[in-house]
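Worksheet for the structure shown next.
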Amino acid sequence: MPANQSNRVTWAGMALGIALLVTAVIAVVTWRDEPPRSDASVASGLSHVHGMAVNPADGQLYVATHHGVVRVSETEAAYVGDGRQDTMGFTVIGPDHFLASGHPAPGQGGPTHLGLIESTDGGRTWRSVSLAGQADFHALRSAHGLTYGLDSTTGSLLASSDRLTWQVRSTIAAYDIAVEPGQPEILLATTEQGLQRSTDGGRTWTPAGGPATVLLHWADRDRLHGITDDGQILVSADAATTWSSAGRVPAAPAAFTAHDDTLFVATGDGRVLRSTDAGASWQPLQTSLS
């Protein structure tokens, strides 16, 4: 696991009950309109990128950072809305429909752990959905009505069919997860012991074999991407049974996503890169915040 990403994997309290059901308290979450500009890393560019995804509403890349969500293109990097949370888990589940988690950015108000928060206007505003003050998801995935989250406060994989009540499926020290398209009960998880597979919605896990990846993106059933900690990009057409090499990221990877035939990678040194040739070459996107 890359050293610069250790802040995303701080597991505490590895014992929890078999099931957890929490009823949501729906409330509007508010943060200050501007991020604290005293942080030099924020002023100079993106910091602590934890997740990224393309919004189908505008085709733009949205990046989850230490001080909120940033829309990134070739010419501009700009904060979206007024949410200044330290966004950890982040995923886009539809046009302008984002799910996220984390905790308040330094100097900001709000519960210590944000639980699940949601935006239905492209990140301009956010509301609390469930588990506020209880869960800090460092990875979120949603597929076919099921949402999965890796909770860093307990080391547990949680699942929900309504995003209001949650069930603990297992305890697993995972860094990233992926759900097979069309098969919401089949998951992969990256761990220090190698890639793990579940065929029962994350309740049990078995070694999946193959190379040790740290980041995953499952675009469709015959196209699974993985990235190793040294930046090698791998592709599998048979659900992680076999892999082929497809290129390399020129720096330690911090976050990864794919959209159509375009790959996007955030690196530990603060860059966001795009590749349209399966990782053979990379072009930098704008990371100086406007």
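Quick note: residue numbers are just sequence positions, from 1.
- For Thr125, the side-chain hydrogen bond (donor to acceptor under 3.5 Å, both in side chains) partners two or more places apart in sequence, or in a different chain, are Asp121.
- Residue Ile227 forms a side chain to side chain contact (heavy atoms under 4.5 Å, CB included) with just one option from Leu234, Asp176, Val265, and that option is Val265.
- Checking side-chain atoms of Ser128 against main-chain N and O of Ala132 turns up no donor-acceptor pair under 3.5 Å.
- The salt bridge (Lys or Arg N to Asp or Glu O under 4.0 Å) contacts involving residues 251-265 comprise Arg223-Asp261, where partners must be two or more places apart or lie in separate chains.
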Show me the donor-acceptor pairs within less than 3.5 Å that the side chains of residues 207-215 make with the rest of the protein, sequence neighbours left out.
none

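- For the pair Arg71/Leu61, no side-chain contact is recorded, criterion being any heavy-atom separation below 4.5 Å from C-beta on.
- Proximity of a side-chain donor or acceptor of Trp218 to a complementary backbone N or O of Asp220 within less than 3.5 Å is detected.
- Side-chain contact between Arg221 and Pro181 is present, with at least one heavy-atom pair separated by less than 4.5 Å.
- Note: the hydrophobic cluster containing Leu114 also contains Tyr62 (ILVMFWY, side chain heavy atoms under 4.5 Å, direct or indirect links).
- A donor-acceptor pair under 3.5 Å links the side-chain atoms of Ser160 to the main chain of Thr165, judged by distance alone.
- Side chains of Phe90 and Val92 form a contact here, defined as non-hydrogen atoms less than 4.5 Å apart.
- Using cut-offs of 30° and 60° on the angle between ring planes, the pair His217 and Phe256 is perpendicular.
- Exactly one of Leu99, Leu158, Leu164 qualifies for a side chain to side chain contact (heavy atoms under 4.5 Å, CB included) with Leu116. That residue is Leu99.
- In terms of the side-chain hydrogen bond (donor to acceptor under 3.5 Å, both in side chains) criterion, residue partners of Asp230 (sequence neighbours excluded) are, by chain and number, Thr228.
- When atom types are taken as modelled, the side chain of Ser152 and the backbone of Asp136 share a donor-acceptor pair closer than 3.5 angstrom.
- By the side-chain hydrogen bond (donor to acceptor under 3.5 Å, both in side chains) test, Arg197 pairs with no residue at all, sequence neighbours left out.
- Note that the CH2 atom of Trp126 and the CZ atom of Phe98 stand 6.5 Å from one another [nearest 0.5 Å].
- With hydrogens and angles ignored, the 3.5 Å screen pairs a side-chain donor or acceptor of Ser130 with a backbone N or O of Arg163.
- Contact annotation: the side chain of Arg203 approaches that of Gln167 to within less than 4.5 Å [non-hydrogen atoms, C-beta and beyond].
- Between Asp86 and His50 the shortest side-chain heavy-atom distance falls below 4.5 Å.
- Without hydrogens or angle criteria, Arg141 side chain to Ile177 main chain gives a donor-acceptor distance under 3.5 Å.
- Between the CG atom in Leu157 and the OG atom in Ser198 there is a gap of 8.0 Å [rounded to 0.5 Å].
- By the 6.0 Å and 45° rule, Arg169 does not stack over the aromatic ring of Tyr148.
- Under the side-chain hydrogen bond (donor to acceptor under 3.5 Å, both in side chains) criterion, Thr257 pairs with no residue at all, not counting sequence neighbours.
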